[in-house]
Amino acid sequence: MTAVGYSRHGDPFVLEMSSKFPRPVPRDDQVLLEVYATSVNPVDYKFRRHWMPNFLLPKPKIPGADVAGVVVGVGSNVTKFRKGDRCAALLPLLGSQWGSSAEFVAVRETHMTLIPDSISFVKAAALPLVALTAVQSFDHLTMETTKGKKILIQAGAGGVGTFAIQYAKNVLEMDVATTASPSNFKLVTALGADRVIDYHTEDFSELITDYDVVLDPMSWTYEHLTLNQGKNVLKNNGGHYLNILSSELVNGKEKTVGFTTLFNIVKHSIMNVFSPGSLAKYSLICVRPDGDGLARVFDLVDQGKISSVIDPQIFDLEELSDAHMYLERHYATGKVVVRVKQTQT
């Protein structure tokens, strides 16, 4: 089959297209999908540029975790899907060389869901990782009701942010503040943001006070501001910091908050055991594939409560290097989608 992959880490030009990749053979609990569309997430270019051992990221690696396509084969134990079904899934981020930047991919039945007729392959491919990241983050909240609670969503115009704003507003009925650049104010406001902070000229830690929740997909940039410098950003009693595991390129090296995050998790957990409410709750989120969870997301999209926010620039599979570069240079608003098979649906 034709796919795009890399055998060494580096810049976007390590990605190479080849028609000699083996076509995957589904196991008994897997479905073989013909890929119609995929998308690029920050995790894709971060894994590509940062060395990782083969047991975590086997190579040659085909990148891509979001997939939308049509079932062309099923394993002997598969009961929920059949040939011809339109399906989408989130693939595991680690432990496999098989990604969705390919003509075909094998997917576990439990990671998949059907795509409603109202949702195109392009729109479906934009949803799995960002939607499940947001929903699984919100699942950590333990407050009796979210209605009327105040939430700050960092990076509102990004993939996770554009979904999280809609979910927080339309499903959880929260009061939403977000950070964005002025060029994206109109977008995030239309998605449901009640307050928008210009991260170029304004310091959210000086403007936001006593919020109930912070959803942070940019933890390298914001964790220290939220928990240390911005003492009053979160309520101590009842506040909740949702830290989506992330990294940033610093001086040519991929950096995570690492020790700081571990320290904060332990500190907040211990303090809240011995002195409940003395510090905000702290959750670290690592997204996982979940077909049932994705089905609930597609139901919300089908009902019109959530929309799939896609950057106008859509790439073809042979342009995957350009797509990585486009996202990596922060040109994108919403999700960057890659067409694998030309279709009208």
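For this chain, numbers begin at 1 and follow the sequence in order.
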| Within 45° of the ring axis of Tyr6 and under 6.0 Å from its six-membered ring centre, is that where the NZ or CZ of Lys61 lies? | no
message = For a side chain to side chain contact (heavy atoms under 4.5 Å, CB included) check, start with the C-alpha distance between Asp29 and Arg108, then their side-chain angles and the critical distance, and finish with the verdict.
response = CA-CA 6 Å; Asp29 63 344; Arg108 285 184 63 179; 3.6 Å; yes
Applying ring pair (Phe, Tyr, Trp, His ring centres under 6.0 Å) to Tyr326 and not counting sequence neighbours gives Phe315, Tyr331
Note to self: Under 4.5 Å between side-chain heavy atoms, counting indirect links through other Ile/Leu/Val/Met/Phe/Trp/Tyr residues: same cluster for Ile285 and Met143 or not?
What the structure shows: yes
Check: Would you find a donor on one side and an acceptor on the other, under 3.5 Å apart, between the side chain of Arg339 and the backbone of Tyr36?
Finding: no
Margin query: I'd like to check Leu187 versus Thr333 (side-chain heavy atoms, cut-off strictly below 4.5 Å). Are they in contact?
Written below: yes
Correct closest heavy-atom pair for Ala157 and Val188 would be N-CG1, 3.9 Å
Checklist line | Pair Ser76-Asp28, side-chain donor/acceptor within less than 3.5 Å | finding: yes
Heavy-atom check, side chain of Val35 versus side chain of Leu317, under 4.5 Å:
no
Correct closest heavy-atom pair for Gly192 and Val176 would be O-CB, 4.2 Å
Shortest non-hydrogen pair, Ile153 vs Gly161, comes out as CG2-CA, 4.1 Å
Is there a path of hydrophobic side-chain contacts, each under 4.5 Å between heavy atoms, that joins Val340 and Ile62? no
key: Stepwise ring pair (Phe, Tyr, Trp, His ring centres under 6.0 Å) check, Phe138 with Tyr167   = CA-CA 9 Å; Phe138 290 129; Tyr167 193 89; 5.6 Å; yes
Under 3.5 Å side-chain donor-acceptor pair for Thr142 and Lys281: yes
In Ile244, Leu132, Val130, the residue satisfying side-chain contact (heavy atoms from CB on, under 4.5 Å) with Val287 is Leu132
- Query: Side chains of Gln342 and Asp316: donor-acceptor distance under 3.5 Å anywhere?
  - Reply: yes
Just by distance, do the side chain of Thr162 and the backbone of Gly159 share a donor-acceptor pair under 3.5 Å?
yes
Here the gap from Cys87 atom SG to Leu33 atom CG, rounded to the nearest 0.5 Å, amounts to 6.0 Å
Looking at Lys80 and Asp292, does any basic side-chain N land under 4.0 Å from a carboxylate oxygen? yes
query = Does any non-hydrogen side-chain atom of Val107 lie less than 4.5 Å from one of Val105?
reply = yes
* Asked: Does Ile208 reach the side chain of Arg195, with side-chain heavy atoms less than 4.5 Å apart?
  -> yes
inquiry  = Assess, by modelled atom type and distance only, whether the side chains of Lys46 and Asn41 contain a donor and an acceptor separated by less than 3.5 Å.
reply    = no
Smallest heavy-atom separation, Phe163 atom then Ala134 atom, equals CD2-CB, 3.6 Å
Review point. What about Val74 and Trp98, same hydrophobic cluster or not, with Ile/Leu/Val/Met/Phe/Trp/Tyr joined at side-chain heavy-atom distances under 4.5 Å?
Key: no
With a 3.5 Å cut-off and no angle check, do the side chains of Ser307 and Gln166 form a donor-acceptor pair?
-> yes
Q) Do NZ/NE/NH1/NH2 and the carboxylate oxygens of Lys235 and Asp212 come within less than 4.0 Å? A) yes
Q: Given side chain to side chain contact (heavy atoms under 4.5 Å, CB included), test Met17 with Leu320 step by step and report yes or no.
A: CA-CA 9 Å; Met17 192 170 192; Leu320 188 63; over 6 Å; no
Item to complete: Please check if Trp51 and Tyr45 belong to a single hydrophobic cluster, counting links between Ile, Leu, Val, Met, Phe, Trp and Tyr side chain heavy atoms closer than 4.5 Å.
Response: no
Are there over 12 heavy-atom neighbours, none belonging to Asn77, within less than 6.0 Å of that residue's CG? yes
Correct closest heavy-atom pair for Ser321 and Leu15 would be OG-CB, 3.5 Å
Any donor-acceptor N or O pair under 3.5 Å, side chains Ser283, His240 | yes
- Message: Looking at Arg49 and Glu328, is any side-chain nitrogen of the basic one under 4.0 Å from a carboxylate oxygen of the acidic one?
- Response: yes
Min side-chain heavy-atom separation Asp85-Leu114 under 4.5 Å
yes
Original post:
Hey, are Lys335 and Asp66 close enough for a salt bridge, meaning a charged N less than 4.0 Å from a carboxylate O?
Top reply: yes
For Pro58 and Gln97 the tightest heavy-atom approach is O-CB, 3.4 Å
**OP:** Determine yes or no for a side-chain-to-main-chain donor-acceptor pair under 3.5 angstrom, with Gln136 supplying the side chain and Arg288 the backbone.
**Re:** yes
Here the gap from Asp44 atom CG to Ser39 atom OG, rounded to the nearest 0.5 Å, amounts to 7.5 Å
The complete set of salt bridge (charged side-chain N to carboxylate O under 4.0 Å, His left out) pairs with one or both residues in residues 153-173, sequence neighbours excluded, reads Lys169-Asp194
inquiry  = Applying side chain to side chain contact (heavy atoms under 4.5 Å, CB included) to Ser19 and Met1, what does each step give before you reach the verdict?
reply    = CA-CA 5 Å; Ser19 60; Met1 69 172 181; over 6 Å; no
In this structure, CG of Leu215 is separated from CD of Gln154 (nearest 0.5 Å) by 9.0 Å
### Query
Is there a path from Phe13 to Leu327 through hydrophobic residues (I, L, V, M, F, W, Y) whose side chains come within less than 4.5 Å of each other?
no
Is the shortest side-chain heavy-atom distance between His111 and Leu90 below 4.5 Å? no
Here the gap from Glu16 atom CD to Phe21 atom CZ, rounded to the nearest 0.5 Å, amounts to 8.5 Å
ask   = Is it true that the side chains of Asp302 and Ser118 contain a donor and an acceptor less than 3.5 Å apart?
value = yes
For Lys123, I'd like to know if atom NZ has over 12 heavy atoms of other residues, nucleotides or ligands within 6.0 Å. no
Rounded to the nearest 0.5 Å, the OG1 atom of Thr146 sits from the CG atom of Asp175 at a distance of 12.0 Å
**Message:** Can you confirm whether the side chains of His9 and Lys59 place a donor and an acceptor under 3.5 Å from each other?
**Reply:** yes
- Message: Could you go through Gln30 and Glu109, starting from their C-alpha distance and side-chain angles, then the distance that decides it, and tell me whether this counts as side chain to side chain contact (heavy atoms under 4.5 Å, CB included)?
- Response: CA-CA 5 Å; Gln30 289 183 322; Glu109 180 181 28; over 6 Å; no
*Between Arg48 and His324, is any side-chain donor less than 3.5 angstrom from a side-chain acceptor?*
yes
Between the NE2 atom in His268 and the OH atom in Tyr241, the distance rounded to the nearest 0.5 Å is 9.5 Å
**Study point:** Flag side-chain contact, heavy atom, 4.5 Å: Pro217 against Thr133
**Key:** no
| Looking at side-chain heavy atoms only, is the closest gap between Asp198 and Thr179 below 4.5 Å? | no
